[in-house]
Amino acid sequence: MKKRTIAILGIALAASIAVSAASLGYNVRQSARVNRFITNQLKRQAKEEEKKSNYQEDGYKVGGQYEIRSTKDISDAYKSGDDSKLSDTDKETLKTASDILKKIIKDGDSDYQKELAVYEWMYENIGQGQSTVVTLPAASGSDFTPQGVLVSKQAVCVGYATTFRMFMQMLGMDCHIVHNDYHSWDLVKLDDGNWYHVDIYTDVSGKSEFQNFNMTDATAKTGHDWDTAALPAADGIRYTYAVQNNTKVSDLTSVVARVKKEVDKKASERKSQYFSFEKKYTADDLGKADAVINGLNAALQNTGLSQLNISGAWYNGENDSYILGVFISDYSSSNGGTRLTKKEKDRLSAAISKAFGVEISDDQLGINVTDDAGNQDSTGQIN
């Protein structure tokens with residue numbers, strides 16, 4: 001009996017050892033998998049950190065020509081109130097920028113309100129670089145620096161990005177310049193702690209205010225390309241312009257009449273429009289907006305308003321909703337371009353007519369005609 005018990009115990013022990021060995025083998029294999037996973041994750045994180053550390057902002061030349069230059073000395077001088085260490089050129093830039101902020105920033109403004117005020121000022125007052133017929137002082141070769149931009153009121157993309165970043169840093173806000181080989185724009189941190197993309201140059205060149213203002217990464221990727229590992233993610237939606245400024249309508253068809261009302265306004269009064277919907281649109285429904293935009297453009301062509309173009313873009317709203325942005329671009333005038341009052345235009349036209357015996361149009365002059373207050377209608381003429 002004792003021998004049988006011993007044998008049974010021996011068999012059990014052997015089985016237990018076998019199970020333990022199998023478990024040990026399993027645990028070793030699992031540990032190896034975990035270690036490989038951890039190693040791969042660490043390698044991936046190391047690569048991302050390497051990209052971040054190697055990402056060059058100041059000193060990088062977009063297009064091999066337009067250098068992103070630091071304006072930290074200017075923003076530091078603005079915040080400290082001491083400009084004694086600045087060069088004469090930087091002192092002039094600081095004064096010009098400070099005067100602008102005094103006019104557009106109000107006490108108690110949130111970071112978003114400050115950012116919006118700067119965007120609107122730059123959109124209205126800075127034109128595309130190299131667009132003048134007669135070379136302007138400081139415009140040639142320096143429309144990529146804030147000093148050149150604020151003097152000439154002309155800018156290439158680097159000029160917009162660097163000037164916007166300078167304003168943000170003067171106001172104590174975190175801001176990066178995002179770039180690839182051929183384009184640059186900004187990434188700014190707002191009150192909610194999230195980052196947002198801002199591309200003023202593209203809005204000015206496309207004549208579509210706010211279309212590229214406060215974009216998430218998802219929205220920006222539809223028209224921009226950059227190294228996402230090198231910069232903070234932009235995934236908040238609270239301060240996207242579409243979320244902050246949308247009108248709720250019943251469905252897509254309801255957009256048409258509202259866009260027509262905007263078309264009928266003077267060019268200086270037209271704004272981009274954003275629509276949220278009572279009808280719950282899914283991702284599969286978003287393509288239906290193409291028919292609305294195509295129909296609106298066809299209507300413009302058929303009614304003699306071919307100088308206008310309507311475009312659209314979908315934005316993510318809150319609670320998994322979607323917001324449609326509609327943009328009216330007017331190619332009969334240019335933002336930040338040459339403006340003459342009606343009196344100045346009439347004098348110039350009369351002088352040319354007297355000297356050459358011919359009549360010329362405002363389009364041939366390449367101007368925007370305004371009244372003394374700077375207002376113009378949709379055709380560039382005064383009512």
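Just so it is clear, the values below take in all heavy atoms, side chains as well, and ignore hydrogens, waters and symmetry mates. Bear in mind the structure is a predicted one, so any value in this text is a computation, not a measurement.
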Under 3.5 Å: donor-acceptor pair, side chain of [X], backbone of [Y]:
| X | Y | result |
| --- | --- | --- |
| D199 | T202 | yes |
| Q273 | R258 | yes |
| N302 | A299 | no |
| D191 | Y112 | yes |
| H179 | Q56 | yes |
| N297 | I310 | yes |
| D111 | K114 | no |
| S329 | K207 | yes |
| W314 | L286 | yes |
| Y281 | L252 | yes |

Atom [atom1] in [X], atom [atom2] in [Y]: separation rounded to 0.5 Å?
| X | Y | atom1 | atom2 | result |
| --- | --- | --- | --- | --- |
| K61 | F144 | NZ | CZ | 8.0 Å |
| D186 | I200 | CG | CD1 | 6.5 Å |
| C157 | Y66 | SG | OH | 8.5 Å |
| T145 | I68 | OG1 | CD1 | 13.0 Å |
| D251 | K280 | CG | NZ | 15.5 Å |
| L300 | I328 | CG | CD1 | 8.0 Å |

Residue from N180, D203, V158 passing side chain to side chain contact (heavy atoms under 4.5 Å, CB included) with W185
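So the option named by the test is N180.
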
Heavy-atom closest pair, residues [X] and [Y]:
| X | Y | value |
| --- | --- | --- |
| C175 | E57 | O-OE2, 4.2 Å |
| S184 | V62 | CB-CG2, 4.1 Å |
| G159 | V149 | CA-CG2, 3.8 Å |
| Y322 | A283 | OH-CB, 3.6 Å |
| A77 | D83 | CB-CA, 4.1 Å |
| S208 | Q211 | OG-OE1, 2.9 Å |

Side chains of [X] and [Y]: does their closest heavy-atom pair fall under 4.5 Å?
| X | Y | result |
| --- | --- | --- |
| T162 | I177 | yes |
| W195 | L231 | no |
| K85 | D73 | no |
| Y239 | V243 | no |
| R238 | Y196 | yes |
| N212 | V198 | no |
| D225 | Y182 | yes |
| I126 | V204 | no |

What about [X] and [Y], same hydrophobic cluster or not, with Ile/Leu/Val/Met/Phe/Trp/Tyr joined at side-chain heavy-atom distances under 4.5 Å?
| X | Y | answer |
| --- | --- | --- |
| I323 | M215 | no |
| V326 | L308 | yes |
| V188 | M122 | yes |

Under the side chain to side chain contact (heavy atoms under 4.5 Å, CB included) rule, what do V178 and H224 come out as? Steps first, then yes or no, please.
CA-CA 10 Å; V178 192; H224 299 76; over 6 Å; no

Verify side chain to side chain contact (heavy atoms under 4.5 Å, CB included) between F277 and V255, making sure each step is shown before the conclusion.
CA-CA 10 Å; F277 301 94; V255 168; 4.0 Å; yes

Using a 3.5 Å cut-off and no angle test, enumerate the donor-acceptor pairs between side-chain atoms of residues 348-358 and protein atoms at least two apart in sequence or in another chain.
unit_1, atom_1, unit_2, atom_2, d
S349, OG, K345, O, 3.0
S353, OG, E359, OE2, 3.1

When you look at T219 and Y315, which way does the side chain to side chain contact (heavy atoms under 4.5 Å, CB included) test go after all the steps?
CA-CA 7 Å; T219 301; Y315 297 84; 3.8 Å; yes

Using the rule ring pair (Phe, Tyr, Trp, His ring centres under 6.0 Å), only one of F327, Y119, Y274 pairs with Y241; which is it?
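Answer to the ring pair (Phe, Tyr, Trp, His ring centres under 6.0 Å) test with Y241 among F327, Y119, Y274: Y274.
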
If you apply the rule side chain to side chain contact (heavy atoms under 4.5 Å, CB included), what do you find for V259 with V292, and how did you get there?
CA-CA 11 Å; V259 173; V292 176; over 6 Å; no

More than 12 heavy atoms of other residues, nucleotides or ligands under 6.0 Å from CG of D290: is that the case?
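Counting other residues, nucleotides and ligands, CG of D290 exceeds 12 neighbours.
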
Would you call [X]-[Y] a salt bridge at under 4.0 Å N-O?
| X | Y | value |
| --- | --- | --- |
| D217 | K221 | no |
| K265 | E262 | yes |
| E209 | K271 | yes |
| D58 | R165 | yes |

Looking only at the aromatic ring of each residue, does the gap between the centers of W226 and H176 stay below 6.0 angstrom?
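Not close enough - the centres of the two rings lie 6.0 Å or further apart.
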
N/O donor to acceptor pairs below 3.5 angstrom from side-chain atoms of residues 101-109, sequence neighbours left out:
unit_1, atom_1, unit_2, atom_2, d
D109, OD2, K106, N, 2.9

With no hydrogens and no angle check, do the side chains of [X] and [Y] hold a donor and an acceptor under 3.5 Å apart?
| X | Y | result |
| --- | --- | --- |
| T96 | T93 | no |
| E115 | N214 | yes |
| D82 | S84 | yes |

